[in-house]
Amino acid sequence: MSESARYVKIVEWSNEDQCFVGSCPGLFYGGCHGNDEKQVFAELCEIVEETLDLYAQDGKALPPTTAGKDYANKMLSFA
């Protein structure tokens with residue numbers, strides 16, 4: 001498993017922006033956006049990989065991982 005798989009990646013439709021927005025909570029703020037959901041997810045995965053590489057180059061410890069926290073079911077309790 002790659003290190004990037006340890007971080008939750010979210011792509012969701014934004015009514016405000018009228019496009020898909022990708023983010024990786026816990027690793028970085030912001031993200032990417034576009035009209036094609038699959039392209040946004042692919043770009044998001046690249047950004048996560050690049051972010052992890054920057055952490056390694058700078059000798060910084062990675063933030064706590066976010067995968068495996070069952071966020072999907074936790075979000076359902078708010079719906």
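Here Y29 contributes atom OH and S23 contributes atom OG; the two are 11.5 Å apart, rounded to the nearest 0.5 Å. If you take CZ on F20 and CD on E43, they are separated by 14.0 Å, rounding to the nearest 0.5 Å. Separating the SG atom in C19 from the NE2 atom in H33 is a distance of 5.5 Å, to the nearest 0.5 Å. A distance of 11.5 Å separates CD of E50 from OG of S4, quoted to the nearest 0.5 Å.
One hydrophobic cluster, built from ILVMFWY side chains closer than 4.5 Å, cannot hold both I10 and L52; they sit in different ones. A continuous path of Ile, Leu, Val, Met, Phe, Trp and Tyr side chains, each step under 4.5 Å between heavy atoms, connects W13 with L44, placing both in one hydrophobic cluster. Note on V8 and Y55: separate hydrophobic clusters, where clusters join Ile, Leu, Val, Met, Phe, Trp and Tyr whose side-chain heavy atoms are under 4.5 Å apart, directly or indirectly.
Taking each heavy atom of S14 and V21 in turn, the nearest pair found is CB-CG2, 3.7 Å. Listed here is the closest heavy atom pair of A5 and A67: O-CB, 3.5 Å. In plain terms, the two heavy atoms of G26 and P63 that are nearest each other are O-CB, 3.3 Å.
Counting heavy atoms from C-beta on, the side chains of L27 and T66 never come closer than 4.5 Å. Proximity of L62 to E3: side-chain heavy atoms (C-beta onward) are separated by under 4.5 Å at one or more points. By the 4.5 Å heavy-atom criterion applied to side chains, C24 and I47 are not counted as neighbours.
For D58, the CG atom is densely surrounded, since the number of other residues' heavy atoms within 6.0 Å is greater than 12.
Within the 3.5 Å criterion, the main-chain N or O of Y7 finds a donor-acceptor partner in the side chain of K9.
Applying the side chain to side chain donor-acceptor pair (under 3.5 Å) criterion to E37, with sequence neighbours excluded, gives no partner residue.
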